[in-house]
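Read the structure below first, then the notes.
Proteins come first, then strands; the chains are lettered A, B, ... in the order of their sequence lines, and each starts at number 1. Fair warning: this is a prediction, and the values are worked out from it, not measured in the lab.
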2 protein chains.
Amino acid sequence: MVTIYDIAKRANVSAMTVSRVINNSGRISASTREKVKRIMEELHYVPNSTARSLVKQETKMLSLLITDITNPFFTTLARGAEDAAMELGYKLLFGNSDEKLSKEREYVDMMLSTRVDGLLFAPASDDSAEHLTMLNVHQVPFVLVDRDVPGVEADVVLGENRSGAARLTAYLLALGHRRIALINGFGTVSTARERFAGYCDALAEHGIGYDKSLVVEYGYNRFDDPDKLERVMRLPDPPTAIFAANNVLAVSIIAFLRGKGIGVPEQMSVVCFEDVGLASKLDPFLTVVMQPAYDFGYKGVRLLIDRIRRKDELERQTIRLPSEMIIRKSAGPPA
Amino acid sequence: MVTIYDIAKRANVSAMTVSRVINNSGRISASTREKVKRIMEELHYVPNSTARSLVKQETKMLSLLITDITNPFFTTLARGAEDAAMELGYKLLFGNSDEKLSKEREYVDMMLSTRVDGLLFAPASDDSAEHLTMLNVHQVPFVLVDRDVPGVEADVVLGENRSGAARLTAYLLALGHRRIALINGFGTVSTARERFAGYCDALAEHGIGYDKSLVVEYGYNRFDDPDKLERVMRLPDPPTAIFAANNVLAVSIIAFLRGKGIGVPEQMSVVCFEDVGLASKLDPFLTVVMQPAYDFGYKGVRLLIDRIRRKDELERQTIRLPSEMIIRKSAGPPA
DNA sequence: GTGAAAGCGCTAACAA
DNA sequence: TTGTTAGCGCTTTCAC
């Protein structure tokens, strides 16, 4: 590997002079600058950021920790994060927790050791608090994205979960549904709680009591036990509509219904929170509340970098990103 | 930040002893090991990989460069790459070139400077050769994935593009189609060339000459000029079927056809190379050739790490991953 | 089983 | 405008 010293020797100057040329800092005579630059090119010199990081105590790396890299929401979020990071001269180290605390923990340790300058963090659940505490102990700035964690003081970028869920539910109610199942994420995830609250809001608005037997919980990334849903469907007074708390669950549920020969929306209406990427372009079928996924990432990283630069002088921020309801064809009047 | 020296001082040992405990190397008495470990925990010590990288001349970081992070194929590939990397103790630095050479170049420079130990690289086009040469100059190992680059000697993990495209085309021919449009990627991308060759193979097999006017090219990630397709549709002897060279194009094409009121498959049959992620689960509609995306990433990273470890002693490898044809509903007999 | 010294490639701080 | 010195946090090498 070519080092600063190789350049320095060839150019007959000190290492500092070369360093100054590389960083455009300090006053350098045009002639030495030219000479050094020429030699740098000749030797294909590439600065060693490892060494620079060590002395500058910053890596210009950020970490993006998401819970499901195959979910189009997070993928688009990542795209936004990438753009913001690149614009501001940062690299992005990815991590994908699969909604698992243990994998999340591994990633946090990794990032700590890598000395990333900050993290954009979509926590797996409230129990992520433990990992976030670790970050605080080490004074590594982070911004929570998509999900909040009670008891953790931090900048957050969130969606309008409660009102969005209420709109979706109200829409089903307006169509005439009275028995609406909620297939939710786990109650230990803030978005699931908020979506549940919105669901209840809308029901209450219509004077309908909340029926516990209509609500079941799954991991956001896998519909692993169809029996839970099956039991809801076999209730004496079964649902005529399903509100899926996220896109992955919605898709699995529809596949499941299809497998049982249940037509959507003819025999069962389905709506969901978050759009489904390519699928909605291929076939605009699912009625959804769509979130500005790109902005989650873009604004999250901007906020993170702001935090890194201004440390404590910056007041704690909460950004709420608006969502949009898109009415398509997966919900109709009750059968 | 807590350093090895802080631990050493508190434990009344040398920095080397601490280092040895951390790395489980050398002989250490049980008692010192215990003492050092205890203090490490107390102080929440986390090794500084930046410093370690500097001396060891390795970062335990790999880079994954893909061309479209919102494409489910690459997303699933990334998932595989992540698993393989994590299993073998490496971190993954992501880059997304958007099929753009300039962005790719920026990433290559970044990765060079970051001193990643190797790259899994999905090149934007044949012109990526220039960037790959850069990697060779700096002796950074890389593995090409999904796409080959002529003139570049490297390990590669590729799909069965030619035979897969031939199968898809043969399927349309068997349905009775004789005028089949190919909406391809740019000819500067190896997969586009191979898929084109497969398309021609199948036509030739049926004694049908290749008609240049039925073939148009787009970037794999965007259907940016519908007029090009429109012109094909308005041919005196128009196509009755469309073969889309990738998933993103297929989805856009179908949306476009729908916009024109053209029913698929009633008025126009459509097939495509690569599956469409969630979309195919939501609605098993598109007839496709599906590639084992996860394996592309998983095997690519394994191969890369093999290459890193064994450098020149390892012979150059080419892995061809099988694809599978999935017949669904988007293609039928000619209208 | 443990330690001292040197150095990885770079830059901050101070000199000249 | 340029150079010298020291040190970032760790591991390699050699010594005991």
Side-chain angles (χ1 to χ4, degrees), chain A residues 1-37 39-40 43-61 89 110-117 138-140, chain B residues 1-37 39-40 43-61 89 110-117 138-140:
Chain A
M1 281 282 101
V2 180
T3 74
I4 272 199
Y5 292 109
D6 300 323
I7 314 280
K9 194 186 298 177
R10 286 265 246 126
N12 236 313
V13 294
S14 75
M16 264 322 290
T17 301
V18 177
S19 174
R20 283 193 263 254
V21 170
I22 292 166
N23 296 289
N24 275 313
S25 60
R27 280 145 296 275
I28 305 256
S29 77
S31 65
T32 25
R33 160 168 282 116
E34 282 323 302
K35 185 172 49 173
V36 168
K37 284 207 158 170
I39 296 177
M40 274 171 38
L43 267 44
H44 300 291
Y45 172 75
V46 179
N48 183 328
S49 9
T50 271
R52 181 181 286 163
S53 294
L54 187 57
V55 12
K56 300 199 71 153
Q57 299 286 63
E58 65 167 16
T59 53
K60 287 284 180 185
M61 278 200 231
M110 229 176 209
M111 301 313 174
L112 240 22
S113 170
T114 307
R115 298 296 195 262
V116 294
D117 294 341
H138 292 277
Q139 314 215 53
V140 180
Chain B
M1 282 284 102
V2 180
T3 75
I4 272 199
Y5 291 109
D6 300 324
I7 314 279
K9 195 186 296 176
R10 286 266 246 125
N12 237 312
V13 295
S14 75
M16 262 323 291
T17 301
V18 178
S19 174
R20 284 193 261 252
V21 170
I22 292 167
N23 297 289
N24 274 314
S25 60
R27 280 146 295 275
I28 305 259
S29 76
S31 65
T32 27
R33 160 168 285 117
E34 281 324 300
K35 184 171 50 173
V36 168
K37 283 206 160 173
I39 296 178
M40 274 171 39
L43 267 43
H44 300 291
Y45 172 74
V46 179
N48 183 328
S49 11
T50 272
R52 179 181 288 165
S53 295
L54 186 58
V55 12
K56 299 197 70 151
Q57 300 286 65
E58 65 167 16
T59 54
K60 286 284 180 184
M61 278 200 231
M110 231 177 210
M111 301 312 175
L112 240 22
S113 170
T114 308
R115 298 296 195 265
V116 293
D117 294 341
H138 292 278
Q139 314 215 57
V140 180

Task: Whether A/S14 side chain and A/T17 backbone form a donor-acceptor pair below 3.5 Å - done: yes

TODO: Verify whether one side chain among B/T50 and B/S53 offers a donor that lies under 3.5 Å from an acceptor in the other.
DONE: no

Task: Over all atoms of both residues, closest heavy-atom pair of B/R115 and A/N48 - done: NH2-CB, 3.6 Å

Open item on the list: Ignoring hydrogens, what is the shortest heavy-atom contact between A/V21 and A/R33? Give both atom names and the distance.
Closed with: CG2-CA, 4.2 Å

TODO: Tell me what B/S53 touches on the nucleic acid: a base, only sugar-phosphate, or nothing, going by heavy atoms under 4.0 Å.
DONE: nothing

Task: Sidechain-backbone polar pair: A/T114 side chain, A/V116 backbone, donor-acceptor under 3.5 Å - done: no

Open item on the list: Does A/T3 form a side chain to side chain contact (heavy atoms under 4.5 Å, CB included) with A/D6? I'd like the steps, not just the answer.
Closed with: CA-CA 5 Å; A/T3 74; A/D6 300 323; 3.5 Å; yes

- [ ] Determine, for nucleotides 6-16 of chain D in 5'-to-3' order, which nucleotides have protein heavy atoms under 4.0 Å from the base (write B), from only the sugar-phosphate (write S), or from neither (write -).
- [x] -BBBBSB----

TODO: Before giving the answer on side chain to side chain contact (heavy atoms under 4.5 Å, CB included), spell out for A/R20 and A/V36 the whole-Å C-alpha distance, their side-chain angles and the decisive distance to 0.1 Å.
DONE: CA-CA 10 Å; A/R20 283 193 263 254; A/V36 168; over 6 Å; no

- [ ] For A/M1 and B/H138, work out which heavy atoms get closest and say how close.
- [x] CE-O, 3.5 Å

Task: Contact interval (first through last nucleotide) of DNA chain C with protein chain A, 4.0 Å heavy-atom - done: C/dG9 to C/dA13

